[in-house]
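All values reported here derive from a predicted model rather than from experimental measurement.
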Protein chains: 2
Amino acid sequence: MDIDPPSVTAGPPPARPLRRDAQRNRDTLLAAARRAFAEEGLGASLEQVAKQAGLAIGTLYRHFPTRLDLVQAVFADKLGVWYEAAERAVVMDDTWEGFCFFLETMCELQSGDRGFSGLAGTRLPEVACLAGTQTRIHELGIRIVERAQEQGTLRPDVTPEDVAFVIWSVGRVSEATQDVAPEVWRRHLYLLLEGFRAGRVHPLPVPSLTPEQLYEAMARPGDLMGRTP
Amino acid sequence: MDIDPPSVTAGPPPARPLRRDAQRNRDTLLAAARRAFAEEGLGASLEQVAKQAGLAIGTLYRHFPTRLDLVQAVFADKLGVWYEAAERAVVMDDTWEGFCFFLETMCELQSGDRGFSGLAGTRLPEVACLAGTQTRIHELGIRIVERAQEQGTLRPDVTPEDVAFVIWSVGRVSEATQDVAPEVWRRHLYLLLEGFRAGRVHPLPVPSLTPEQLYEAMARPGDLMGRTP
DNA sequence: GAAAAAGGGGAGGGGCCCCTCATGTTTCCG
DNA sequence: CGGAAACATGAGGGGCCCCTCCCCTTTTTC
């Protein structure tokens, strides 16, 4: 039987399992944080998160000493989904389809989740345990772009860096429209991929915003400015 | 000589000219606010604005009782420029050029100015004196789109509401990149107009971000999350 | 140049939030 | 079952910000 050697240079210590109540509270906190980040972005109030979870603020800090710890715990799975999509995309026969699949999956993850949009547009600090995943996704993204260009399905003069435009812009459009037309970001993505130009018309995937929807989607002034009595 | 009639139902009261010191302070405050809004968006701290202007917070509130008052005073001119661009665009012979001119001017106004980006994506309350200008710009935008579609230079299946995508997305891209490559938003705008698709290649207007620039442009984690000691 | 009017100052109340820590409670394990 | 270890609690110090209000200073006006 293997004698557990007095951890010479082990990485994470054995990590004894959590107490039952602690595990339950941790899950509750994660659920509350997921909601809060989705609705308000990565800057959501941690005191509100704790309150929504029905727990004290000190409990939150015991489980997640820094905001980054909480962010990583909340988004580890979504980042994993994105990574798997990149792995699938990079081996697709149709490289254009792979390119679109990579981007569309990412945007689906972003849609309705300001937190993930923020994370996707945020360079994680090297110390973050999720930084590795982010880096690998980035590398796969480069390959996806290169393959599509080698096969001539993607403009030769775009670069992998241009992909960031998609992250930023769809994140913003989705943020603005999610409450009023949660799928309309696809229209934006499609326009970004196909272009506004007349001719060669592939029909757009979802209907446009109606004027009323647009009105609702524009940032409510009260959110940004003091009321005007 | 015209007898000033005891203002029967006049609109704004005669509005006596400001005292000299008051006018000077007002200008100083506007300059400080312009900087603060440009750098931090419409949510910039008013206490900081006053401090930057070297004036007391009470003075700021005397001149601009609400944040909206200050916002309108700061951005009235930019909104005017946008409006004039729309007027020019709507009568251009080449309707596609008009469409592009309208959007590009707007994006130039947005670039490097988070405040104006926010304002462009914000529905002003009816009471705001700038709301009329915003509405007229919106109407001109509709005409610009319709003309381009009648002339067959713009996809028939886009709507005036889709123009909001440009406002939101260029605003976000510009915000992310302004410190590192302040012109690269043009590349995004161009891609949005022309499309990522291979073939029919019009060269892109400015170079892509380098990987290093991209790294710098991604939101600094410290801005969003607590430090990780 | 003195009174009236306009403007400027800034302390302070209230709110929200971050994060810590001393104290009290639950779980686990022998 | 009993005690040690793990965990939960929430008041409280510190920070930033919004906005008000009363009193003092400057400008204008006659």
Side-chain angles (χ1 to χ4, degrees), chain A residues 12-33 35-37 39-71 73-74 115 221-229, chain B residues 4 12-33 36-37 39-71 73-74 115 221-229:
Chain A
R16 308 190 23 189
L18 287 177
R19 244 167 59 173
R20 254 206 327 283
D21 57 342
Q23 181 63 55
R24 181 166 32 80
N25 288 345
R26 188 173 194 279
D27 294 343
T28 312
L29 284 168
L30 280 177
R35 274 199 54 208
F37 286 148
E39 288 175 9
E40 309 183 37
L42 299 179
S45 158
L46 298 186
E47 291 197 328
Q48 287 306 312
V49 169
K51 178 174 293 181
Q52 287 298 316
L55 295 169
I57 183 66
T59 306
L60 187 152
Y61 277 96
R62 161 173 287 275
H63 284 278
F64 307 102
T66 76
R67 183 177 216 99
L68 180 58
D69 293 323
L70 182 55
V71 166
V74 163
D223 299 347
L224 296 172
M225 341 198 155
R227 33 279 97 100
T228 29
Chain B
D4 226 316
R16 309 192 19 188
L18 287 178
R19 247 167 59 173
R20 254 206 328 284
D21 57 343
Q23 182 63 55
R24 181 167 32 80
N25 288 344
R26 188 173 194 278
D27 295 342
T28 311
L29 284 168
L30 279 177
F37 286 148
E39 288 174 9
E40 309 183 36
L42 298 179
S45 158
L46 298 187
E47 291 198 329
Q48 288 306 313
V49 169
K51 178 174 293 181
Q52 287 298 318
L55 295 169
I57 184 64
T59 305
L60 187 152
Y61 277 97
R62 164 173 288 275
H63 284 279
F64 308 102
T66 77
R67 181 179 292 264
L68 180 58
D69 293 322
L70 181 54
V71 166
V74 163
D223 298 347
L224 296 172
M225 342 199 153
R227 49 255 116 87
T228 29

OP1 or OP2 of [N] sitting under 4.0 Å from any side-chain N/O of [X]?
X       : N      : result
B/Arg62 : C/dA6  : no
A/Ser45 : C/dC16 : no
B/His63 : C/dG8  : yes

Let me know the distance between [atom1] of [X] and [atom2] of [N], rounded to the nearest Å.
X       : N      : atom1 : atom2 : result
A/Tyr61 : C/dC19 : OH    : C1'   : 5 Å
A/Leu42 : C/dC18 : CG    : P     : 13 Å
B/Leu46 : C/dG10 : CG    : C1'   : 16 Å
B/Phe64 : C/dG7  : CZ    : C1'   : 14 Å

Can you sort out which residues in residues 47-58 of chain A have a heavy atom within less than 4.0 Å of DNA chain C? Ascending by number, please.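 Contacting residues: A/Glu47, A/Gln48, A/Ile57.
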Selection: residues 18-33 of chain A, any non-hydrogen atom under 4.0 Å of DNA chain C: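 Going residue by residue through residues 18-33 of chain A, the ones with a heavy atom under 4.0 Å of DNA chain C turn out to be A/Arg19, A/Arg20, A/Asp21.
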Tell me every residue that passes salt bridge (charged side-chain N to carboxylate O under 4.0 Å, His left out) with A/Glu39, counting only those two or more places apart in sequence or in another chain.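 Once residues adjacent in sequence are excluded, the partners of A/Glu39 under the salt bridge (charged side-chain N to carboxylate O under 4.0 Å, His left out) criterion are A/Arg35.
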Residues in salt bridge (charged side-chain N to carboxylate O under 4.0 Å, His left out) contact with A/Glu47, at least two apart in sequence or another chain: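 Result, salt bridge (charged side-chain N to carboxylate O under 4.0 Å, His left out) vs A/Glu47: none returned.
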Tell me, please, which residues at least two apart from A/Ala36 pass side chain to side chain contact (heavy atoms under 4.5 Å, CB included).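 If we apply the side chain to side chain contact (heavy atoms under 4.5 Å, CB included) test to A/Ala36, skipping adjacent residues, the hits are A/Ala44, A/Val49.
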Going by atom type alone, with no hydrogens or angles, which donor-acceptor pairs under 3.5 Å involve a side-chain atom of residues 53-65 of chain B and a protein atom two or more places apart or on another chain?
none

Tell me, with the steps shown, if A/Leu70 and A/Leu30 meet side chain to side chain contact (heavy atoms under 4.5 Å, CB included). CA-CA 8 Å; A/Leu70 182 55; A/Leu30 280 177; 4.0 Å; yes
Pair listing, side chain to side chain donor-acceptor pair (under 3.5 Å) test, anchored in residues 20-33 of chain B, at least two apart: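 Checked against side chain to side chain donor-acceptor pair (under 3.5 Å) - neighbours excluded - the pairs reaching residues 20-33 of chain B are B/Arg19-B/Asp21, B/Gln23-B/Asp27.
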Using atom types as modelled and distance alone, determine if a side-chain donor or acceptor of B/Arg67 lies under 3.5 Å from a backbone N or O of B/Leu42.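 Looks like yes, one N/O pair under 3.5 Å.
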